[in-house]
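Please read the structure below before turning to the comments.
Ligands are counted one by one from 1 in listed order, and the atoms in each one are counted from 1 as well. Scope of the values below: all heavy atoms of this structure, side chains included, with no hydrogens, waters or symmetry mates.
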Amino acid sequence: MSEKLIFELSSPGRKGFSLPLLDIPEKKTDELIPSELLRKDPPALPEVSEVDVARHFVRFSIQNHHVDKGFYPLGSCTMKYNPKINETLARLNGLTHIHPLQTEDTIQGALRLMYELGEYLEEISGMEEISLQPAAGAHGELTSLLIIHAYHKKNKSPRTKVIIPDSAHGTNPASVITAGFSTLQIKSNSKGLIDIEELKKVMNEDVAALMITNPNTLGLFEREILEISRVVHDAGALLYMDGANLNALMGITRPGDMGFDVVHFNLHKTFSTPHGGGGPGSGPVGVKENLAPFLPVPFVAKQASKKGGEEYYLDYKRPLSIGRMHSFYGNFGVMVKAYVYIRQLGAKGLREVSENAIINANYLRQILKQYYQLPYDEFCQHEFVLSGDRQKEKGVKTLDIAKRLLDFDLHAPTVYFPLIVHEALMIEPTETESKESLDEFIDAMIKISKEVDENPQMVTSAPHVTPVGRLDEAKAARDLNLRWKKT
Ligand SMILES: *Cc1c(COP(=O)(O)O)cnc(C)c1O
């Protein structure tokens with residue numbers, strides 16, 4: 001890492017700004033701010049020029065990998081390219097200079113955007129009402145489970161268990177527990193799908209819901225979903241869809257039509273927005289009519305205006321609501337980006353997104369299965385999961401393969417997830433990649449599989465050309481130190 005810290009670039013007196021001359025009488029700071037609130041010494045901030053700052057961060061941005069720089073097939077995360085028009089429009093002054101405490105009549109445009117985004121999501125998913133409040137997928141899961149809890153309680157049938165398959169994303173059991181339920185795990189069948197016989201065995205009056213991802217985390221579509229829905233509903237339970245994989249379904253089929261009662265969306269995955277590293281995201285929740293009374297407040301609604309025409313307003317009158325899940329109304333900026341994305345593509349474009357995501361994944365799958373084990377060899381949706389078991393026998397772990405890929409300027413796939421595949425490599429190319437970039441990835445994966453046979457040391461000691469080698473992945477989290485001290 002040759003790049004210095006911004007503090008090391010600091011030079012006393014250097015400035016990155018110039019302010020206009022004061023055109024009002026000058027006053028001393030301590031006439032304006034109580035002296036006990038004033039700091040004694042100037043803050044330890046770097047003193048740098050604008051060009052120092054710009055170059056410093058541009059240099060950093062190319063040392064790291066990101067979607068604007070290269071292929072990013074991180075399975076389950078849908079790291080698609082984010083059209084720049086989203087950013088341009090999300091930055092419009094009319095959208096960024098409003099405050100959530102303004103009166104409704106002064107933010108009609110923002111409320112309309114939220115209302116319409118909700119309608120689009122309803123249309124795409126086949127659900128009947130939407131809350132845009134949750135901040136990300138996992139937060140949408142928690143919201144949905146609290147809604148499910150409130151529903152059973154209202155029906156005087158409190159239930160304590162939520163069934164999840166063994167292929168579930170880690171946030172699923174975590175959300176189940178956080179919402180106060182306990183988990184009941186069921187094993188997937190030999191095809192990697194829900195085993196209906198297993199499901200029937202564990203189904204009883206104490207089950208609140210079945211929580212599944214469709215297509216599931218192996219990238220496989222649950223073909224028996226209508227039968228699954230019947231089994232769940234016959235027992236008085238609800239069917240919940242983790243919608244993180246919606247990128248495979250848009251315009252082709254809808255969770256609402258498959259029998260799901262509640263679904264969360266990951267706007268930052270399916271509908272583009274730079275994400276990773278903790279946000280920002282948005283995880284709206286869509287429900288069928290019977291669950292609508294429990295949605296979080298406030299609810300963005302529309303009514304006839306006294307002045308004629310229509311007006312948008314924030315509805316707080318939902319006595320059965322689970323309450324607020326986010327300060328104000330959610331992550332508005334991410335909603336704007338999703339809105340722009342949907343409006344720009346339209347219905348036909350969204351279907352093409354899903355079709356191309358599926359074609360790209362199957363293209364990679366067909367070729368790579370000749371070099372890596374493919375435990376569930378089926379036509380896949382937008383992603384698929386290889387196993388590094390064959391390479392492991394030769395002493396090369398999946399982690400080594402992931403690290404070696406970085407030398408080719410490619411981001412690694414998701415590794416060691418889902419848990420039901422040994423040495424898993426979960427690959428999601430997304431629709432935004434051309435055949436050329438898919439071929440580059442294929443070439444690198446083939447080259448690595450040959451190295452495993454001929455020169456395994458090359459793989460086990462990777463990466464070789466990145467700014468840093470193998471990092472202690474736990475240290476930054478366990479021993480976080482962001483303070484700068486001049487030595
Ligand atoms: C990403 C993901 C989640 C969690 O969503 P976040 O937005 O990261 O909180 C849940 N389930 C699946 C299948 C996912 O891929």
Polar side-chain atom of Asp400 near backbone of Lys397 as donor-acceptor pair, under 3.5 Å: yes
Set of side-chain hydrogen bond (donor to acceptor under 3.5 Å, both in side chains) partners for Ser449, sequence neighbours left out: none
Between ligand 1 and the protein, which N/O pairs are shorter than 3.5 Å?
unit_1   : atom_1 : unit_2 : atom_2 : d
ligand 1 : 5 (O)  : Asn266 : ND2    : 3.0
ligand 1 : 7 (O)  : Gly137 : N      : 2.8
ligand 1 : 7 (O)  : Asn266 : ND2    : 3.1
ligand 1 : 7 (O)  : His268 : NE2    : 2.7
ligand 1 : 9 (O)  : Gly137 : N      : 3.3
ligand 1 : 9 (O)  : Ala138 : N      : 2.8
ligand 1 : 11 (N) : Asp242 : OD1    : 3.4
ligand 1 : 11 (N) : Asp242 : OD2    : 2.5
ligand 1 : 15 (O) : Ser76  : O      : 2.9
ligand 1 : 15 (O) : Ser76  : OG     : 2.5
ligand 1 : 15 (O) : Lys269 : NZ     : 2.8

His65 and Tyr72 aromatic centres sub-6.0 Å: yes
Sidechain-backbone polar pair: Asn216 side chain, Gly192 backbone, donor-acceptor under 3.5 Å: yes
Aromatic ring proximity Tyr120/Tyr339, centre distance under 6.0 Å: yes
Flag if over 12 foreign heavy atoms under 6.0 Å of CZ, Arg470: yes
